Number of protein chains: 2
Amino acid sequence: MGTTERKKREKRQRRDTIIDAAEKIIFSKGLDQATMTEIAKEAELSKGTLYLYFKNKNELYMAITKRGSNILNQKLVKIFSGDHTGIELIRLMGETYLTFVRDNPGYFNAFLHYDSLRDTEDLQNSEIAQICEGNKQEAMALMVRALQIGIQDGTIKSSYNPKELAVIIWASTRGITMINHTMRQTDHHFKMIEDMEVNTDSMFENFLNLVGEGMATKKGQKKYD
Amino acid sequence: MGTTERKKREKRQRRDTIIDAAEKIIFSKGLDQATMTEIAKEAELSKGTLYLYFKNKNELYMAITKRGSNILNQKLVKIFSGDHTGIELIRLMGETYLTFVRDNPGYFNAFLHYDSLRDTEDLQNSEIAQICEGNKQEAMALMVRALQIGIQDGTIKSSYNPKELAVIIWASTRGITMINHTMRQTDHHFKMIEDMEVNTDSMFENFLNLVGEGMATKKGQKKYD
DNA sequence: CTATAAAATGACTGTTGGTCAGTAAGTGAC
DNA sequence: GTCACTTACTGACCAACAGTCATTTTATAG
């Protein structure tokens, strides 16, 4: 009989329930203010049970990171199923990232926290961390692929090393996303520049136009005029 | 007699001693692993005394953020005393930032933590936070000034709004710095891209060349060939 | 030397992450 | 139905730590 199967499924569901509860609490109050007891209560379980499914609070938060990066990567992969030139792919990836972070600031906080972990020992022994790492690498690989496509179809200059360029574009996009995110999170209370509310919506657009002039070929730039 | 003066000076010194101790402990173990008792011990004081000088652990960490941003801004301001074109100033600012973060990863962690704070109430009521905020704005203002100088001296295209451009350049530079920082912190254990150790040293250089083509005039680009 | 103020202390409290001995629920054999 | 056994869950408990405050120590001035 499929008892074993059912048990496994139920266990996965419990796990998901816990992650759901953790997201709800942590996203609303922040990691520090969220307590394991409260998360347990939200999941209608006792605190002890949480520790049967997750080694500790950090690992639970990493499970959220994993879930977030899975969702993001799914969106990124989907872009490639459409019929786009290389430069268009770059733009779409950036916009997708920006939109994802805007709609899911909690996940982005989880990403940032994940990146701030330093205990290499712990990270390497954690299965979840390995998957998070894999997702990061996959996103980067997609960007490389977009650039290679662009070089192939002539929308991106062939003088660049796609891997090097990918890292730069990705890093810059993240930087812009972060400013965006931080400003939203602090409720626009602190302004970056006196007498100027930066239009966060157009920032990535402007960035692409700026970088586009260096990166794209004439053919690749046409789209932006 | 100057007793009052001396007392004030001694109080400042105590404060600095505590910050010194806090840096030593927090930079080496990370904020979470550092305890107030240990910091007190390092400062040769008792825990209670720490709370006479700082409202709580977070405010102490913010004092570190303040100190770090003061040091960084000092370096940034100094750049402007030299005889440089606008585009050169941009490059120098980026390089200064990158070098600062490389040499002082602890301060950068403090910056990141500061940016992640969300409790706007607390932030606004904190004198230290106000100064940190002022430093951020000052750095941004310097970047705007560099761009304005560049537009004036013809090394930067006049078609851009210097304020908008400043935010983009600053954000991108931060993004690149962050990747750099994260990779160093995790001891290069996780690679970004398969079969490729990204040369972190040349990343900003490449970024500037890329952006330079969009931002700089012909005259401004000459320097980079 | 004494009175007063300022500075420093560390025992104490409340909270929280994490543990584990004990309990409950589920499963399969008979 | 019930017994033996396994798996899942519980919450009292512990240790560690941030933050407090009554008390002690030190400095100052008359």
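All values below were derived from every heavy atom in this structure, side-chain atoms included, with hydrogens, water molecules and symmetry-related copies excluded. So that the names make sense, note that chain A is the first sequence line, chain B the second, and so on, each numbered from 1. Since the structure is predicted, the reported quantities are computational estimates derived from the model, not experimental observations.
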Participant: Check the distance between dT16(C)'s P and Asp32(B)'s CG and give it to me in whole angstrom.
Facilitator: 15 Å

Participant: For Phe27(A) and Tyr107(A), take the angle between the two ring planes, folded into 0 to 90°, and tell me which bin it lands in: parallel under 30, tilted 30 to 60, perpendicular over 60.
Facilitator: perpendicular

Participant: Measure NZ/Lys55(A) against P/dG17(C) and give the value in whole Å, please.
Facilitator: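 Result: 16 Å.
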
Participant: Can you measure Gln33(A) atom CD to dT16(C) atom C1' for me and round it to whole angstrom units?
Facilitator: 11 Å

Participant: Is the closest side-chain donor-acceptor distance between Gln185(B) and Asp115(A) under 3.5 Å?
Facilitator: no

Participant: Is any side-chain heavy atom of Tyr160(B) closer than 4.5 Å to a side-chain heavy atom of Leu210(A)?
Facilitator: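 Touching, per the 4.5 Å side-chain cut-off.
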
Participant: If I take atom CD1 in residue Ile25(A) and atom C1' in nucleotide dT16(C), what distance separates them, rounded to the nearest angstrom?
Facilitator: 15 Å

Participant: How is the base pairing of DNA chain C summarised as a dot-bracket string, given the Watson-Crick and G-U wobble criteria with both distances under 3.5 Å, [ ] for crossing and | for another strand?
Facilitator: ||||||||||||||||||||||||||||||

Participant: Which letters describe nucleotides 4-11 of chain C, given B = protein heavy atom under 4.0 Å from base, S = only from sugar-phosphate, - = neither?
Facilitator: --SSBBB-

Participant: Specify the separation, in whole Å, of atom NZ of Lys8(A) and atom C1' of dT7(D).
Facilitator: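 Between C1' of dT7(D) and NZ of Lys8(A): 15 Å.
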
Participant: CD of Glu38(B) versus P of dA16(D): gap in Å, rounded?
Facilitator: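 In whole Å, dA16(D) P and Glu38(B) CD are 14 Å from each other.
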
Participant: Quickly work out the Met36(A) CE to dC20(C) P distance and round it to whole Å.
Facilitator: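 Met36(A) atom CE is separated from dC20(C) atom P by 16 Å.
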
Participant: Could you check how far CD1 of Ile39(B) sits from C1' of dG19(D), rounded to whole Å?
Facilitator: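 So the CD1-C1' distance, Ile39(B) to dG19(D), works out to 13 Å.
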
Participant: Identify which one of Leu76(B), Leu72(B), Asn73(B) satisfies the side-chain contact (heavy atoms from CB on, under 4.5 Å) criterion when paired with Glu138(B).
Facilitator: Asn73(B)

Participant: For the residue pair Glu23(B) and Tyr61(B), confirm or rule out a side-chain donor-acceptor distance under 3.5 Å.
Facilitator: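 No.
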
Participant: Please answer whether the main-chain N or O of Lys78(B) pairs with a side-chain N or O of Ser81(B) as donor and acceptor at a distance below 3.5 Å.
Facilitator: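 Side chain of Ser81(B) to backbone of Lys78(B): a pair is present.
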
Participant: Quick check: do Met143(B) and Leu165(B) have side-chain heavy atoms less than 4.5 Å from each other?
Facilitator: no

Participant: When all nucleic acid strands are considered with a 4.0 Å heavy-atom cut-off, which category describes Ala34(A): base, sugar-phosphate, or nothing?
Facilitator: sugar-phosphate

Participant: Could you point out which residue of Lys55(A), Glu59(A), Arg67(A) forms a side-chain contact (heavy atoms from CB on, under 4.5 Å) with Ile128(A)?
Facilitator: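 It is Glu59(A), the one option of Lys55(A), Glu59(A), Arg67(A) that forms the side-chain contact (heavy atoms from CB on, under 4.5 Å) with Ile128(A).
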
Participant: Arg91(B) vs Glu205(B), test: salt bridge (Lys or Arg N to Asp or Glu O under 4.0 Å). Steps then yes/no.
Facilitator: CA-CA 9 Å; Arg91(B) 155 179 297 246; Glu205(B) 186 71 24; 3.4 Å; yes

